[in-house]
Each structure stands twice: as C-alpha cells, then as structure tokens.
Amino acid sequence: PKVPRSPGVSADDALAEAGRKVLRMHLARMLAAEAGTRLGADIEQLHKMRVATRRMRSMWRVFDGAYRPKTQLRYVRELRVVATALGAVRDLDVLIEGLDQYTATLPPATFGAMAQLRLDLTEQRETARASLIELLDSRSYQDFVNDYLEFVETPGAAELRPGPGEPVLVRHTAGGRIWAAYEHLRAHETVLGWADVPGLHAIRIDAKRLRYTLESFREVLPTSVDGVIARIVVLQDHLGALNDADVAATTARAFLMSSGARSAVQTREAVSLYLASREAAITNLRRGLPAAWRPLVALQTRRAIATLIAAI
C-alpha cells in the first residue's frame with residue numbers, strides 16, 4: 001500500500017477504525033523498507049522496518065479492547081517474530097557503530113587491538129542477517145503479510161461490537177488512553193533513583209507507549225502536543241544511550257571472559273579500556289537522568305496533557 005504522511009484519524013472515527021488507519025500506515029512503512037532491508041546497503045532501511053513493527057505492536061496496546069482478543073494476540077505474536085529477527089541485526093548494527101565511533105578517537109596504533117572484537121560482532125551480525133532473510137523469504141511471513149494487509153484494508157474486520165451506551169468514538173475514548181499511558185510512565189518516579197538497567201529499560205518502554213499513544217491521536221489534538229512529545233523524546237534518547245552503553249559493556253565483558261585468554265595482550269588491554277569507558281558512560285548517564293525526567297512529571301506537563309485531552 002501507498003505510505004501516507006499521516007493515518008487520517010478523526011474524532012468521530014470508531015476506535016477500531018482509527019486503529020486500523022494507524023496500523024495500515026505503519027504496515028505500509030514496514031513494507032516500504034523491506035526491499036532496502038533485504039539489500040542491506042543502507043542500515044537505516046532495516047531500522048525503519050524495525051521501528052514500524054515495534055510501533056504496530058504498541059498500537060495493539062493503544063487500541064486494546066477494540067478488536068477480538070484472539071485476533072489481537074495472533075497479530076502481536078506474528079509481529080514479535082518479525083521484530084525479534086530485525087532487532088537481532090539492528091542491535092549489532094548499533095554495537096558496531098558505537099565501537100567504530102569509540103575506535104575513531106584512539107591513536108592509529110591501537111586500531112588493530114580492537115579488530116578481533118569488531119570481527120566477532122560482524123560475524124554475529126552476518127549470522128543474524130542470514131536468519132532474517134530466511135524469515136522474510138519464508139511462506140509464513142508472506143502469509144502473515146497477506147493476511148495482515150487484508151485486515152487493515154477491511155472495515156469492521158475483527159472488531160468488537162460495543163454494547164449500548166459504551167464509548168466507541170475516538171472523542172470518547174482517546175482521553176482515557178492518553179492519561180492511562182501517562183500514569184504508567186509517571187508511576188516509575190517511585191523507583192527511578194535506584195532502578196537497575198532493566199528497570200530503566202522498562203521506563204523507556206512506557207515512555208515510548210505514551211509517545212506512540214499521543215502520536216496515534218495527534219490529528220485530533222492541538223499542536224501543543226508537539227511540546228509534550230519533545231519532552232518524551234529527550235527521556236527516550238537519554239535512556240536509549242544508557243541502554244546502548246550497558247549492552248556495549250556487557251558485550252565487551254563477555255568477549256574478555258570467553259576470548260581474553262586467547263587474545264593478544266594489546267587486545268585485552270584495549271577491550272578492557274573500552275569496557276571501562278562504557279561503564280563510565282553508564283555512570284554519567286544515570287547522573288544526568290533526573291534532568292531528562294523532571295520535565296515530564298512537572299505540573300506544567302500534567303496541565304498540558306489535561307488540556308490536550310479536553311480539546312478532543
């Protein structure tokens with residue numbers, strides 16, 4: 001399908017049809033990036049395809065209750081399979097890119113000492129990419145795409161019919177969903193100060209869900225929604241950098257544990273310094289987290305979200 005600039009949601013849409021429009025847009029984006037993902041020349045195409053699949057999985061949560069549970073569960077499960085295969089490659093792309101940026105700051109004489117770690121990551125990426133292409137070539141993936149296309153193009157498909165008096169239109173349901181997503185994110189303030197990396201990753205997931213909820217209903221909200229989304233993006237990016245640093249540190253530590261004894265002294269020393277730099281980055285990013293968090297839980301933001309909801 002043609003990739004639209006926006007889904008075309010209106011306040012008078014039934015919730016299920018609004019969700020169908022949003023899902024159709026992200027499915028179109030996923031399929032538009034598939035050819036570039038297969039080719040592999042531009043890693044951003046794979047990134048776009050992965051983002052589209054992740055957004056669709058979140059959209060099923062945003063529009064939860066609008067569709068038959070078995071249909072929702074099936075599509076979320078199939079999207080998870082695709083997203084996992086894409087993520088295995090994308091995570092290694094990020095690792096390799098980060099390693100290259102770090103290595104570029106080193107004296108030329110130390111480049112070779114990092115070569116074995118990069119080679120290991122590259123080999124892992126090629127293995128993950130081969131598995132991804134095998135999935136995209138599979139009959140199960142083609143069946144999923146065809147079935148999913150039919151779903152997003154068929155009004156009323158798998159829709160749960162509400163009873164008399166139950167809220168069904170976007171104008172009657174979007175506000176509660178936006179506020180609930182915000183409450184889930186804000187609730188993390190009770191653990192923010194001592195959360196471990198997985199706990200911080202959970203905060204990042206809830207930040208994405210709030211952002212995707214706002215973006216799903218963006219067309220029926222005032223333009224001031226852009227300011228709220230911008231604050232969410234700041235937190236997302238901060239937590240994303242922290243997660244990337246943790247993954248890089250874990251990878252470097254695993255390399256030293258498994259291959260350090262067989263590696264040259266220069267390699268062990270270089271990778272150890274890389275590990276120390278990632279751990280230092282984690283410490284600095286944790287220290288700066290409150291500055292990214294406070295604007296989102298401030299009274300100004302709560303009032304802004306309430307104003308957005310009141311305008312629907």
Side-chain angles (χ1 to χ4, degrees), residues 3-9 15 18-19 21-30 33 44 47-64 66 76 79-80 83 86-87 90 94 170 173-189 192 195 199-244 285 288-298 300-312:
V3 181
R5 294 181 62 120
S6 59
V9 171
L15 187 66
K21 291 177 180 180
V22 177
L23 290 167
R24 183 191 302 127
M25 181 183 73
H26 291 302
L27 176 59
R29 291 178 176 178
M30 184 191 88
E44 285 306 307
H47 178 51
K48 289 178 180 179
M49 189 173 181
R50 184 195 189 193
V51 168
T53 60
R54 294 176 75 171
R55 285 188 177 234
M56 280 189 282
R57 288 174 64 194
S58 288
M59 291 310 102
W60 282 101
R61 295 187 183 94
V62 172
F63 295 94
D64 185 44
V76 169
L79 282 167
R80 185 184 296 115
L86 290 164
R90 175 61 184 173
V94 172
V170 166
T173 56
R177 291 167 190 267
I178 292 170
W179 196 255
Y182 179 66
E183 287 179 334
H184 273 92
L185 176 61
R186 190 182 173 198
H188 289 286
E189 64 188 355
L192 186 70
L200 294 175
H201 185 60
I203 298 174
R204 185 185 178 203
I205 290 173
D206 280 339
K208 285 184 178 181
R209 289 176 181 170
L210 173 59
R211 175 185 170 187
Y212 293 165
T213 303
L214 289 169
E215 290 178 346
S216 296
F217 300 116
R218 195 176 205 153
E219 291 165 293
V220 302
L221 297 172
T223 56
S224 55
V225 68
D226 295 341
V228 177
I229 291 173
R231 287 170 226 167
I232 300 171
V233 171
V234 170
L235 177 64
Q236 272 187 252
D237 289 348
H238 194 95
L239 290 170
L242 198 156
N243 184 72
D244 291 346
L285 287 163
L289 182 57
W293 172 262
R294 279 193 296 267
L296 268 178
V297 296
Q300 179 185 8
T301 299
R302 300 200 297 275
R303 284 176 172 167
I305 292 175
T307 300
L308 293 174
I309 292 172
I312 299 175

Spacing of CZ belonging to Arg29 relative to OG1 belonging to Thr53, to within rounding of 0.5 Å: 13.0 Å
Would you mind reporting whether His238 and Trp293 have side-chain heavy atoms less than 4.5 Å apart? no
Give a yes or no on whether the backbone of Val297 and the side-chain of Thr301 come within a donor-acceptor separation of less than 3.5 Å. no
Flag the pair Arg177 and Asp64 as a salt bridge only when some basic side-chain nitrogen lies within less than 4.0 angstrom of an acidic carboxylate oxygen. no
Give me the atom names and distance for the closest heavy-atom approach of Ser216 to Val9. O-CG2, 3.9 Å
Closest heavy-atom pair and its distance - Val3, Ala28: CG2-O, 3.6 Å
Out of curiosity, Ile232 CD1 to Asp206 CG, how far, rounded to the nearest 0.5 Å? 11.0 Å
How long is the straight-line distance from NE2 of His47 back to CG of Leu86, given to the nearest 0.5 Å? 11.5 Å
Would you check, one step at a time, whether the test side chain to side chain contact (heavy atoms under 4.5 Å, CB included) holds for Val234 with Leu296? CA-CA 10 Å; Val234 170; Leu296 268 178; over 6 Å; no
I need the minimum non-hydrogen distance between Leu235 and Ala207, along with the two atoms involved. CD2-CB, 4.2 Å
May I ask you to decide if Ala83's main-chain N or O and Arg50's side chain share a donor-acceptor pair within less than 3.5 Å? no
Is the shortest side-chain heavy-atom distance between Arg209 and Arg61 below 4.5 Å? yes
Check the pair Phe63, Leu23 against side chain to side chain contact (heavy atoms under 4.5 Å, CB included), reporting the backbone distance first and the verdict last. CA-CA 10 Å; Phe63 295 94; Leu23 290 167; 5.9 Å; no
So Leu289 and Leu200, do their side chains get closer than 4.5 Å, heavy atoms only? yes
Is any side-chain heavy atom of Arg218 less than 4.5 Å from a side-chain heavy atom of Ile229? yes
d(Met49 CE, Arg54 CZ) to nearest 0.5 Å is 14.5 Å
Nearest heavy-atom approach of Leu214 to Leu308 is CD2-CD1, 4.3 Å
Any chance you could lay out the side-chain hydrogen bond (donor to acceptor under 3.5 Å, both in side chains) test for Arg211 and Gln236, step after step, and finish with the verdict? CA-CA 10 Å; Arg211 175 185 170 187; Gln236 272 187 252; 3.3 Å; yes
Side chain to side chain, Arg231 and Gln300, heavy atoms closer than 4.5 Å: yes
Is there a side chain to side chain contact (heavy atoms under 4.5 Å, CB included) between Ile309 and Ile305? Walk through the geometry before answering. CA-CA 6 Å; Ile309 292 172; Ile305 292 175; 4.1 Å; yes
Could you check whether Tyr212 and Phe217 have their ring centres less than 6.0 Å apart? no
Locate the shortest heavy-atom distance separating Lys21 from Pro7; write the atom from each residue and the value. CB-O, 3.5 Å
Would the distance check show the side chain of Lys48 and the main-chain N or O of Ala33 forming a donor-acceptor pair, the cut-off being under 3.5 Å? no
What's the verdict on side chain to side chain contact (heavy atoms under 4.5 Å, CB included) for Trp60 and Leu79, showing C-alpha distance, side-chain angles and the deciding distance? CA-CA 11 Å; Trp60 282 101; Leu79 282 167; 3.9 Å; yes
I need the His184 NE2 to Trp179 CH2 distance, nearest 0.5 Å. 14.0 Å
Distance, nearest 0.5 Å, that separates CZ of Arg5 from CE of Met25: 11.5 Å
Can you find a heavy atom in the side chain of Thr307 that is under 4.5 Å from one in the side chain of Pro222? no
Can you name the one residue among Met30, His26, Lys208 that meets side chain to side chain contact (heavy atoms under 4.5 Å, CB included) with Arg55? His26
Are any non-hydrogen side-chain atoms of Ile203 and Leu192 less than 4.5 angstrom apart? yes
So, do Ser6 and Glu219 sit near enough that their side-chain heavy atoms are less than 4.5 Å apart? yes
